[in-house]
Amino acid sequence: MLELAVVKHTGTKEGFVLLPRRWVVERTFGWLGRFRRLTRDYERLAEVLAGWHWLAFLVLLIKPSGLFGSTAMEKV
């Protein structure tokens, strides 16, 4: 289950204030920015765009596992 927490700014602090878990969101957007297809809105249907996002996340999850590397045949 996905839990959503709203983080509100407090007006009493000055300067840079680190918000909880914001870096996770920023890092994820940075990873998705590497996929050129997602940087522009080429799709007419929202479902197609959502599919491209799923594909991008699958690539990001599978790539570190080493299944698509030069040593992929050695692992099989």
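Position 1 is the first residue of the sequence, and the numbers go up from there.
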Can you list, by chain and residue number, the hydrophobic cluster partners of L60 when the side-chain cut-off is 4.5 Å? W31, L32, F35, L38, L45, V48, L49, W52, L55, F57, V59
For E47, which residues count as a salt bridge (charged side-chain N to carboxylate O under 4.0 Å, His left out) partner, sequence neighbours excluded? none
Check this for me: R36, atom CZ, are more than 12 non-hydrogen atoms of other residues, nucleotides or ligands nearer than 6.0 Å? no
Who passes side chain to side chain donor-acceptor pair (under 3.5 Å) against R37, sequence neighbours left out? E43
